[in-house]
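Data first, discussion second: the structure below is written as structure tokens.
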Amino acid sequence: MKKKLFDIISFAVTACTEKGLLPAVDVSRIEIEVPANPEHGDYASNVAMILASQAKQNPRKIAQTIQENLSDPAGIIEKTQIAGPGFLNFFIKDEVWKQVLQNILDQQDRYGVLDIGGGKKVQVEFVSANPTGPLHIGHARGAVVGDVLVNLLQTAGYSVSKEYYINDAGNQMNNLGKSVWYRYREALGETIEFPENCYRGDYIKDISAGIIKTDGNKYLAANEDETISYFNGVAGGLILEEIKQDLKDFGVVFDQYFSEKELYKENGVADLLASLQKQGFIYSDEGTLWFKTTSYGDEKDRVVIRKNGDPTYFAADIAYHRNKFSRGFDILIDIWGADHHGYMPRLWAAIQALGHKKEDLKIILVQLVNLLRAGEPVAMSTRSGEFVTLREVLDEVGKDAARYNFLMRRSDSHLDFDLDVAKKQSNENPVYYVQYAHARISSIIRMAQERGVAMPAHQKIDAALLAEPEEKTLIKMMARYPEILEGAAKSLEVHRITFYLNELAGVFHSYYNKNKVITDNNDLTAARLVLIDAIRVVLANALKILGVSAPEKM
RNA sequence: GCGCCUGUAGCUCAGCUGGAUAGAGCAUCAGACUACGAAUCUGAGGGCCGUAGGUUCGAAUCCUACCAGGCGCACCA
């Protein structure tokens with residue numbers, strides 16, 4: 001709809017220019033928006049105000065000139081008006097709005113599918129937690145945001161792949177093996193002073209107990225380094241499997257798990273660094289290799305090879321991102337916890353050195369979750385083993401409520417997650433509000449069938465009967481659903497869908513309380529059944545993007 | 001000290017990338033089931049959009065400086 005109006009307006013502006021009424025002007029900056037106040041029309045454009053400075057004329061006068069030169073071959077405009085400082089307001093004919101009901105019910109679950117992505121290949125990398133312990137509630141937010149973003153971009157016409165980067169080549173993994181090793185010896189009777197940098201969670205004890213069960217105490221006599229390295233692999237594998245299962249139950253299934261170790265195969269990292277050094281992006285200083293990230297705006301250069309010869313995490317990450325691009329992705333999206341924000345400039349520097357544009361790597365920061373219990377902050381740390389796992393939240397709050405909860409806020413705003421409130425599973429939880437609307441509609445349709453009123457063919461209803469204000473509002477809101485998705489996809493802001501859903505459900509509930517769907521008037525009943533069926537489709541489509549179920553009964 | 005994020009109703013947050021009279025939910029108060037599902041609805045109160053300047057037809061939104069909170073500032077990941 002916006003697009004149609006944009007064409008009409010720019011056509012009119014061109015006509016004015018040709019007639020010499022307006023100088024040649026740039027039309028690209030004009031905007032078409034939905035006014036907050038319905039008295040201002042269905043859509044409003046700021047053309048005249050934008051053009052005012054270019055054309056050096058009074059905006060209201062320009063608006064009038066444009067208004068007089070509008071042509072509307074498809075006949076969608078009921079009337080136009082000039083208002084305020086020079087807005088050009090458009091009122092769309094009722095018949096045009098009613099047409100969206102047909103569109104929705106013709107397209108069903110395809111309604112809202114867009115082609116703005118043009119099939120471009122996008123990769124979204126998220127969660128990517130080290131397999132040193134189970135996922136906790138802090139990881140859950142990033143998991144949901146990433147998963148929903150993928151769904152959204154797919155709906156918008158991108159070809160999207162979701163990837164989990166397994167950070168399994170560094171010190172932390174070694175500490176994991178060590179932790180298991182200490183617990184192993186402890187379980188076999190030794191008294192152990194547990195080191196500071198080891199993981200203390202109970203899951204470590206479970207893993208060592210498992211090893212004892214199958215292999216007994218034979219590692220006590222074995223080479224310690226080899227044993228730790230072996231335990232490391234065992235523990236990492238087990239934990240990763242658990243992570244995958246937790247994510248799956250949370251509705252998140254990755255297309256690809258990528259191990260950091262892959263990058264080191266066939267000297268991959270070293271070769272890349274050598275070639276970058278040849279190009280002058282890397283220099284050596286007393287046995288340390290530095291990447292010149294400052295030449296791309298970072299505040300200081302960064303080490304890639306330490307004095308002791310070991311590559312840094314950053315070195316591997318450069319190789320990783322080159323690997324991603326080499327797989328043919330046009331756009332990369334990384335989702336990080338906001339505490340890593342300081343890392344952004346150096347990674348952008350790296351991909352630019354590799355010949356890519358900064359815009360080709362988008363980084364979404366997800367603020368950390370502030371965990372509360374009855375209003376009191378809860379300290380969390382993987383190392384100490386004090387944390388609330390994703391699994392616990394899933395078991396107690398449920399997938400739908402947990403996911404919806406994380407989608408209620410912009411990702412870069414801080415989020416308080418109060419366990420006592422979330423676990424209550426009360427109607428304070430907004431997810432039920434939306435699901436209830438869907439269940440209610442399903443129930444009405446069921447009821448109609450029980451009373452012998454079949455769902456009418458949507459092409460045959462008399463849409464003019466839908467004359468209640470709420471009915472018009474509902475239809476217009478549904479017509480805007482694709483525009484909401486487009487805005488969310490372009491800005492990578494998934495929370496917009498959530499807010500849209502709340503609003504749509506709200507208008508429906510209000511409508512429901514004022515009007516009966518099943519009435520004595522057969523034509524009216526038919527029209528209203530079609531209306532609510534369309535609402536049901538839109539609710540279900542949007543909920544599907546969020547990965548939240550649309551129940552027919554609750 | 002430097003950098004990033006945030007500051008909007010008592011609380012938790014939106015505000016469509018600069019638009020018309022700043023909106024929801026929760027909480028408070030007053031109402032609505034012999035009606036397709038009351039997990040719902042109707043109404044009321046509640047605001048110096050952190051502060052001060054600037055940009056322009058127009059600012060919660062953009063710029064600058066302060067203030068407050070969070071997070072970073074490793075040859076950790």
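Below, read A as the first sequence line, B as the second, and so on, with proteins coming before strands; counting in each chain starts at 1.
- Taking the syn range as angles within 90° of 0, the glycosidic angle of B:rU64 is outside it, so the base is anti.
- As rounded to whole Å, 20 Å separates atom P of B:rA32 from atom NZ of A:Lys516.
- Taking each heavy atom of A:Met455 and A:Leu529 in turn, the nearest pair found is CE-O, 3.8 Å.
- Using a 4.0 Å heavy-atom cutoff across all strands shown, A:His495 reaches sugar-phosphate atoms only and no base atom.
- With a cut-off of 3.5 Å on both pairing distances, B:rG58 has no Watson-Crick or G-U wobble partner at all.
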Where protein sits on nucleotides 6-13 of chain B, one letter per nucleotide: B base, S sugar-phosphate only, - none, heavy atoms under 4.0 Å: S-----SS
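- The separation between A:Asn502 atom CG and B:rA39 atom P is 17 Å, rounded to whole Å.
- A donor N or O paired with an acceptor N or O is found under 3.5 Å between the base of B:rG3 and the side-chain atoms of A:His341.
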Under 3.5 Å donor-acceptor pairs involving side-chain atoms of residues 482-493 of chain A, not counting sequence neighbours:
residue	atom	partner	partner atom	Å
A:Glu483	OE1	A:Tyr43	OH	3.4
A:Glu483	OE2	A:Tyr43	OH	3.4
A:Glu486	OE2	A:Lys490	NZ	2.7
A:Ser491	OG	A:Gly487	O	2.7
A:Ser491	OG	A:Ala488	O	3.4
A:Ser491	OG	A:Arg496	NH2	3.3
A:Glu493	OE1	A:Arg496	NE	3.0
A:Glu493	OE1	A:Arg496	NH2	3.1

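- With the nearest nucleotide of RNA chain B identified for both A:Val517 and A:Asp339, A:Val517 has the one nearer the 5' end.
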Protein-nucleotides 19-21 of chain B N/O pairs under 3.5 Å:
residue	atom	partner	partner atom	Å
B:rA20	N6	A:Asn89	OD1	2.8
B:rA20	N1	A:Asn89	ND2	3.3

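- The one candidate from A:Glu552, A:Gln435, A:His509 that meets the side chain to side chain donor-acceptor pair (under 3.5 Å) condition with A:Arg440 is A:His509.
- Regarding A:Asp298, its CG atom lies at a distance of 18 Å from the P atom of B:rC2, rounded to whole Å.
- Neither OP1 nor OP2 of B:rC36 sits under 4.0 Å from any side-chain N or O of A:Thr519.
- Residue A:Tyr313 places none of its side-chain N or O atoms closer than 4.0 Å to OP1 or OP2 of B:rA77.
- The separation between A:Arg496 atom CZ and B:rG23 atom P is 19 Å, rounded to whole Å.
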Base-contact (B) and sugar-phosphate-only (S) positions in nucleotides 43-51 of chain B, heavy-atom cut-off under 4.0 Å, - elsewhere: ---------
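- Nucleotide B:rG37 holds its C1' atom 14 Å from the CD atom of A:Glu552, rounded to whole Å.
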Trace of the side-chain contact (heavy atoms from CB on, under 4.5 Å) decision for A:His340 with A:Ile363: CA-CA 11 Å; A:His340 289 84; A:Ile363 300 170; over 6 Å; no
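- Across every strand in view, B:rC66 sits in a pair with B:rG50 that passes the Watson-Crick or G-U test at under 3.5 angstrom.
- Counting only distance, with no hydrogens or angles, the side chain of A:Tyr512 and the backbone of A:Ile441 share no donor-acceptor pair below 3.5 Å.
- The distance from atom CD1 of A:Ile444 to atom CZ of A:Arg528, rounded to the nearest 0.5 Å, is 11.0 Å.
- Taking atom P on both nucleotides, B:rA52 is separated from B:rA60 by 13 Å, rounded to a whole Å.
- The residue A:Val34 sits close to a base: some heavy atom pair falls under 4.0 Å.
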Residues 343-352 of chain A, side-chain donor-acceptor partners within the protein, below 3.5 Å, at least two apart:
residue	atom	partner	partner atom	Å
A:Tyr343	OH	A:Asp317	OD2	3.1
A:Trp348	NE1	A:Leu361	O	2.9
A:Gln352	NE2	A:Trp348	O	3.1

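- B:rC26 is paired with B:rG10 under the Watson-Crick or G-U wobble criterion, all donor-acceptor distances under 3.5 Å.
- A:Ser510 comes within 4.0 angstrom of sugar-phosphate atoms only, judged by non-hydrogen atoms across all strands, and of no base.
- Of the side-chain N and O atoms in A:Tyr512, one or more sit less than 4.0 angstrom from OP1 or OP2 of B:rA38.
- When heavy atoms are screened at a 4.0 angstrom cut-off, A:Lys300 is found touching the sugar-phosphate backbone but no base atom.
- In the region residues 468-492 of chain A, proximity to RNA chain B at under 4.0 angstrom, judged on heavy atoms, holds for A:Ser491.
- The base-pairing partner of B:rA32, taking Watson-Crick or G-U wobble contacts with both distances under 3.5 Å, is B:rU40.
- Among A:Tyr481, A:Tyr404, A:Tyr433, the one residue that satisfies the side-chain contact (heavy atoms from CB on, under 4.5 Å) test with A:Leu501 is A:Tyr404.
- A:Arg302 comes within contact range of no nucleotide atom at all, as no heavy-atom separation falls under 4.0 Å.
- B:rA20 is unpaired under the criterion used here, namely a Watson-Crick or G-U wobble arrangement in which both key atom distances are under 3.5 Å.
- At a cut-off of 3.5 angstrom, the base of B:rC75 holds at least one donor-acceptor pair with the side chain of A:Thr288.
- How far CD1 of A:Ile445 is from CD1 of A:Ile532: 4.5 Å, rounded to the nearest 0.5 Å.
- Rounded to whole Å, atom C1' of B:rG37 lies 12 Å from atom CD1 of A:Ile518.
- Between the CG atom of A:Asp301 and the C1' atom of B:rC75 there is a distance of 13 Å, given to the nearest Å.
- Of the candidates A:Leu546, A:Thr498, A:Val148, A:Val148 is the only one forming a side-chain contact (heavy atoms from CB on, under 4.5 Å) with A:Arg403.
- One can place CG of A:Leu273 at 16 Å from P of B:rC75, the figure rounded to the nearest angstrom.
- Taking the six-membered ring for Trp and thresholds of 30 and 60 degrees, A:His136 and A:His139 have ring planes inclined between 30 and 60 degrees apart.
- Under the Watson-Crick or G-U wobble criterion, with both distances below 3.5 Å, B:rG3 is paired with B:rC71.
- For the residue pair A:Asp301 and A:Tyr283, a side-chain donor N or O sits within less than 3.5 Å of a side-chain acceptor on the partner.
- With its glycosidic angle within 90° of 0, B:rC33 is assigned syn.
- Here the shortest heavy-atom pairing between A:Glu260 and A:Ala169 reads OE1-N, 3.2 Å.
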